[in-house]
Amino acid sequence: MDAYELVTRNTAEIVTEDELRQLLNKPTKRVYTGYEPSGEIHLGHLVTINKLMDMKEAGFDVVVLIANLHAYLNRKGTFEQIKELAEYNKACIEACGLKGAEFVLGTDVQLTPKYQTEVLTLCQEITLNRATRSMDEVGRAMDNPMVSQMVYPVMQVVDIPTLNVDAAVGGIDQRKIHMLAREHLPSLGYKPPVCIHTPIVNGLDGQKMSSSKGNVVSVADSPEEIKKKMKKAFCPPETEGNPILQVFQYNIFPRMSEVVIRRPEKFGGNSEYQSYAELEAAYAAGKIHPMDLKAACGDSLTELLADAYAYVQSYKNKA
Ligand SMILES: N[C@@H](Cc1ccc(O)cc1)C(=O)O
């Protein structure tokens, strides 16, 4: 797979493809994703973490912003609670296989006079309306937005030149903030970033993913818990909107070269798949039973998350 294919596979949108091609020709290039510290790193995070791994392989230097101040502005907890999670999340992200990335803690770079002055300058350029809309899919309790949640997207914009990155990776829910960045960074004298957006995958029940609803596998789930979650998961006969197939496409195949569907001999025996496309075609043709697909999904996830799970166990034993 060439670098362009690697960067663009499994994406929802690239802004713009031309700019990405030019960037790939540069000898050094930097990309980042920011994460608000949260309870556990889960399959939702893994979609962008996988994309960062792809980009590392494509020759990018990778930066991960642990956006503690953003989590605070977005009313996710007290400073203390968020601080505790920041360290833990960082170690979990590394244990998921993202090696050699540079981790930056938001408050370490966002409280300088230069950064704050740039934020205030952009505050003067961006309307409340645009700031609010950019938070539609990112902000918590946006029926009653706080001023902090208007500062949030402006800071996310300024993070880009502050971290000196050429590209930003995020779920497609970040697109309105990224469009603000592309529009407004030139007025501060900076180049707009290339934006790489991944799809937002469903939870295991086919609904919106939410760790509080328990419809997602996280790095803290034991092999038994993963099995249980798979048993309950929604796996319709069709491929469209099938959350289990999504896990294979966005989480498993990017990191594993083969998936085995296990079946007793009398039901046809094991079958192996080397690509997501092959697996999807076989499932669409009715050659794989949903129960067998779910079991294989659980086995693959257990293997994929083994290092992260081991880290979580050691962390929790220490605490
Ligand atoms: N907005 C991101 C978090 C983030 C914060 C700051 C950034 O610079 C980048 C990303 C989210 O929804 O989780």
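Read the numbers this way: they start at 1 and go in the same order the structure lists the ligands and their atoms.
Any N or O atom pair closer than 3.5 Å counts here, and Thr33 shares no such pair with ligand 1. By the 3.5 Å distance cut-off applied to N or O atoms, Gln156 is counted among the residues near ligand 1. Checking only distances, Tyr35 never comes within under 3.5 Å of ligand 1, N or O to N or O.
Heavy-atom contacts of Leu65 reach the following atoms of ligand 1: 6 (C), 7 (C), 8 (O) (cutoff under 4.0 Å). Counting the atoms of ligand 1 from 1 in the order shown, those under 4.0 Å from a heavy atom of Ala67 are 5 (C), 6 (C). Heavy-atom proximity to Val138, at under 4.0 Å, picks out these atoms of ligand 1: 1 (N), 12 (O).
The CG atom of Asn10 lies 9.5 Å from the OH atom of Tyr276; values are rounded to the nearest 0.5 Å. Distance CG/Leu180 to CD/Glu125: 10.5 Å, rounded to 0.5 Å.
Using a cut-off of 4.0 Å between Lys/Arg side-chain N and Asp/Glu carboxylate O, Asp136 and Arg133 are scored as not salt-bridged.
Looking at Gln207 and Asn215, their side chains never bring a donor and an acceptor atom within 3.5 Å of each other. Side-chain N/O atoms of Glu84 and Tyr88 include no donor and acceptor closer than 3.5 Å. Glu118 and Thr121 are not linked by any side-chain donor-acceptor pair at a separation below 3.5 angstrom, with hydrogens and angles left out of the test. Counting only N and O atoms by type, the side chains of Thr107 and Tyr72 include no donor and acceptor under 3.5 Å apart.
Scanning the protein heavy atoms around atom 12 (O) of ligand 1, the nearest turns out to be Gln174 NE2, 2.9 Å. Distance from atom 8 (O) of ligand 1 to its nearest protein heavy atom, with residue and atom name: Asp159 OD2, 2.5 Å. The shortest contact between atom 3 (C) of ligand 1 and any protein heavy atom is with Tyr152 OH, 3.4 Å.
Neither the backbone nor the side chain of Asp173 has any atom closer than 4.0 Å to an atom of ligand 1 (non-hydrogen atoms only). Residue-level proximity to ligand 1 for Met155 is absent, since no heavy atom of it falls below 4.0 angstrom.
More than 12 non-hydrogen atoms from other residues, nucleotides or ligands lie less than 6.0 angstrom from CD of Gln116.
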